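Worksheet for the structure shown next.
As the structure is a prediction and not an experimental result, all values here were calculated from the model. The figures here come from the full heavy-atom set of this structure, side chains too, leaving out hydrogens, waters and symmetry mates. Chain letters run A, B, ... following the sequence lines, proteins first and then strands; every chain starts at 1.
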Protein chains: 2
Amino acid sequence: MESEPAQSANRAVTLRDVAKLAGVSIATASKALNNQPQVRAETRARVIRAAEQLSFSPNTLAQGLITQRSGTVGLLTSDLEGRFSIPILMGAEDAFGSDQTSVFLCDARGDAVREKHHLRALLSRRVDGLIVVGARPDARASLGRDLPVPVIYAYSPSADPDDLSLVTDNVGGGRLAVDHLIRHGRRRIAHITGDETYGAAQDRARGALERLGEEGLALAGEQVWFGSWSEAWGRGATRMVLQRTPDVDAIFAGSDEIARGVLDTLHQENLDVPGKVAVIGFDNWNILAANARPPLSTVDMNLEQLGRLAAQRLFAAIDGTLEGGVETVGCRLVIRESS
Amino acid sequence: MESEPAQSANRAVTLRDVAKLAGVSIATASKALNNQPQVRAETRARVIRAAEQLSFSPNTLAQGLITQRSGTVGLLTSDLEGRFSIPILMGAEDAFGSDQTSVFLCDARGDAVREKHHLRALLSRRVDGLIVVGARPDARASLGRDLPVPVIYAYSPSADPDDLSLVTDNVGGGRLAVDHLIRHGRRRIAHITGDETYGAAQDRARGALERLGEEGLALAGEQVWFGSWSEAWGRGATRMVLQRTPDVDAIFAGSDEIARGVLDTLHQENLDVPGKVAVIGFDNWNILAANARPPLSTVDMNLEQLGRLAAQRLFAAIDGTLEGGVETVGCRLVIRESS
DNA sequence: CGACTTGCCGAAAACGTTTTCGAGAACGTA
DNA sequence: TACGTTCTCGAAAACGTTTTCGGCAAGTCG
């Protein structure tokens, strides 16, 4: 069973070794392994056999040096907990074939000088492209226009409209949530969300209001409850909502954290979910949503898809050229039991 | 303000360009920039000036090719959500200076063939070393002994004792939690934890029991409540604990998720936390612990420190040689308001 | 039979660095 | 003057690939 073919991968087996074993020149060996046509089938087979016998693996650095392509991209994030960047990274990872392109992950921890540092290092490594993932879904400073590689801004758009930014369709997400509630017969819908200064909070609220408007409805309580992105705010705001409009029959929370707070207060008040009040969150943060009581319906931002898209756009931009603008990725409803 | 020195970083400025501008040979330019002694101070200054004028940044691929050192390491994880690997990554990142070493992040998604794939790719990229982060804190299969670079297993130890593994001191963590409860006068302590097949669950329980034993105490309810790592189990188990031992005055939960469930049931039963019952969790998963009601005291595994240590050990192993074994990293108490 | 095509292969240049080694200059010493 | 030292510097090799180009043999065609 353990009879691996003597692959003492000890010291760096090179193409020269393969060529010697196969009895050909380095050039031919290279062509044989790269499916170049100008090599006889029998020779190719011999080379390939020699390569596996030595368990040859080409030195990507050398390849990159000559092809002017390192086969790497940098993922530059400021998202401490990796909450948003991880799904994006995973999406990007499987859009690039893992053997074609590897990704450097750098966390700037929200520090501009550290970001500059990382940027220099990545460029020095001759990455073929960059994906920048901001910490919050608002515009962030551009890395500048004179970089030697294409840059794509994911999640947070760049402040420079000439850059290409890929963002969540928060307005659409808000519509989606409210639409779902309306379809299930809810009419007195409240919206509790996070920090007013976040564009995402504004957009989600706007989408919700639009959809309500189409139905001739207004928000229960006549206002959007802005606050902070925390459970505590969700709990407190729910108490206020219940006081002002006791007959509320649905609450759309701007994040899953807030939604957890909402659920908590509803339980305390003995209001059945979803019997009496339906609740829907935002983010589909699994650990919060799936473990809630009852499991939380929520809006998923499709971040993996956003990552895949970023990878595709980047890939295309590497040979061609990149045109700026903002592309949005739609959200998706994840229905569990709270609605 | 925008008067950057004409750094049209357009097409790859090389050392040759710097040398030409400074009026020296490539060799001298290289020595000047690398602080080699055999170059006159005045010449060095001229070269350096030329380099910044062109905003030269050396091609790391070429450097790596000749120095036989790529300045990169691979972080191979199977931890989907990045829950454990991210802190470890961050620790590793700041242990390596960011300009010295960059890290490739690869997620195998728990799939062995994908892992093999990534491994091949990383070796082909000539990483200087590997850090392997498993999905659960139990032993995982070794990558094998005949790899050309040092490997360090973090969080999950390798099954091969000749590999170097860095793990959490779960026994110590259990002791820590119980010790804290005892010091605050608790005597009837229950332990609700996750899946019995997890070594971490066993170890934490063992540490708890040891510390209780030293005090001549037994576990409230005479058993460890093994179950699953979910809030639902925390809720259910707490109900059973209260039924069997209504006078319980503290609950040590095997994870913060479970602790959330515990808190939930205690609220329902109108038992004040920490007045009547103290609760302590494990993981210090901020989103869960800090947002709990009341904020949850918990045991932190110091994963960033584990990452830093991994980086240090790896760094040392890159030139020297690596001796196997298991090193443990201690836990740390994070006291909030639930205890 | 000569000329042209085709198929297969190897020599060598190139990518951008680092490092070794020898050369030249300037200087002091015998 | 002849010789050894000490400073600076540059030519060239090396790292491991890919790619261009030319050469040779065999086959095809007029």
Side-chain angles (χ1 to χ4, degrees), chain A residues 9-48 50-51 54-72 99-100 121 123-128 148, chain B residues 9 11-48 50-51 54-72 99 121 123-128 148:
Chain A
N10 246 352
R11 283 314 131 196
V13 27
T14 83
L15 190 55
R16 179 195 312 283
D17 304 324
V18 176
K20 191 180 302 178
L21 180 58
V24 298
S25 74
I26 307 188
T28 319
S30 170
K31 282 178 278 196
L33 295 177
N34 292 341
N35 288 334
Q36 299 288 108
Q38 333 97 317
V39 41
R40 194 157 38 127
E42 190 271 336
T43 312
R44 184 189 309 281
R46 219 170 52 227
V47 171
I48 291 180
L54 301 173
S55 72
F56 167 73
S57 121
N59 185 325
T60 315
L61 277 61
Q63 286 178 319
L65 191 53
I66 155 162
T67 61
Q68 307 282 40
R69 189 140 304 171
S70 65
T72 61
D99 32 22
Q100 305 295 346
L123 291 180
S124 182
R125 295 230 130 79
R126 296 301 186 266
V127 291
D128 296 331
Chain B
R11 283 315 132 199
V13 27
T14 82
L15 191 55
R16 180 195 312 282
D17 304 324
V18 176
K20 190 180 303 176
L21 179 58
V24 298
S25 75
I26 307 188
T28 322
S30 170
K31 282 178 279 197
L33 294 177
N34 293 340
N35 287 335
Q36 297 290 107
Q38 333 97 317
V39 41
R40 195 156 38 124
E42 191 270 338
T43 311
R44 184 191 308 283
R46 219 171 51 229
V47 171
I48 291 180
L54 300 173
S55 72
F56 167 71
S57 120
N59 185 325
T60 314
L61 276 61
Q63 285 179 320
L65 190 53
I66 155 162
T67 62
Q68 307 282 37
R69 189 141 304 171
S70 65
T72 60
D99 32 22
L123 291 179
S124 183
R125 296 229 128 80
R126 296 300 187 265
V127 291
D128 296 330

Donor-acceptor contacts under 3.5 Å from residues 58-68 of chain A side chains, at least two apart:
from	atom 1	to	atom 2	distance (Å)
Asn59(A)	OD1	Leu61(A)	N	2.8
Asn59(A)	OD1	Ala62(A)	N	3.3
Thr60(A)	OG1	Ser124(B)	O	2.7
Thr60(A)	OG1	Ser124(B)	OG	2.8
Thr67(A)	OG1	Gln63(A)	O	2.9
Thr67(A)	OG1	Arg69(A)	N	3.4
Thr67(A)	OG1	Arg69(A)	O	3.4

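- Of the possible polar contacts, none joining the Arg126(A) side chain to the Ser70(A) backbone as a donor-acceptor pair under 3.5 Å is found.
- For the residue pair Arg44(A) and Gln36(A), the shortest heavy atom distance occurs at NH2-O, 2.8 Å.
- With a cutoff of under 4.0 Å to any heavy atom of chain A, the contacted region of DNA chain C is bounded 5' to 3' by dC8(C) to dG16(C).
- The minimum heavy-atom distance linking Leu33(B) with Phe56(B) is given by the pair CD1-CE2, 3.7 Å.
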Step by step, work out the side chain to side chain contact (heavy atoms under 4.5 Å, CB included) result for Arg125(B) and Thr72(A). CA-CA 10 Å; Arg125(B) 296 229 128 80; Thr72(A) 61; 3.7 Å; yes
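- Remark: the backbone N or O of Thr14(A) is paired with a side-chain donor or acceptor of Asp17(A) at under 3.5 angstrom.
- When the options Val39(B), Thr28(B), Val24(B) are evaluated for a side chain to side chain contact (heavy atoms under 4.5 Å, CB included) with Val47(B), the one that passes is Val24(B).
- Using a 4.0 Å cutoff on non-hydrogen atoms, the parts of residues 62-71 of chain B near DNA chain D are Leu65(B), Ile66(B), Gln68(B), ordered by number.
- A heavy-atom distance below 4.0 Å to DNA chain D is reached by these residues of residues 31-41 of chain B, ordered by number: Lys31(B), Gln38(B), Val39(B), Arg40(B).
- In this structure a side-chain-to-backbone donor-acceptor pair under 3.5 Å is missing from Arg16(B) to Ser25(B).
- For the contact set between residues 23-30 of chain A and DNA chain C, defined by any heavy atom under 4.0 Å, the members are Val24(A), Ser25(A), Ala27(A), Thr28(A).
- Between its two ends, the helix from dC1(C)-dG30(D) to dA30(C)-dT1(D) turns its axis by 70°, counting five pairs per end and rounding to 10 degrees.
- Side-chain N/O atoms of Thr43(B) include none lying less than 4.0 angstrom from OP1 or OP2 on dT8(D).
- How far CD1 of Ile26(B) is from NZ of Lys20(B): 9.5 Å, rounded to the nearest 0.5 Å.
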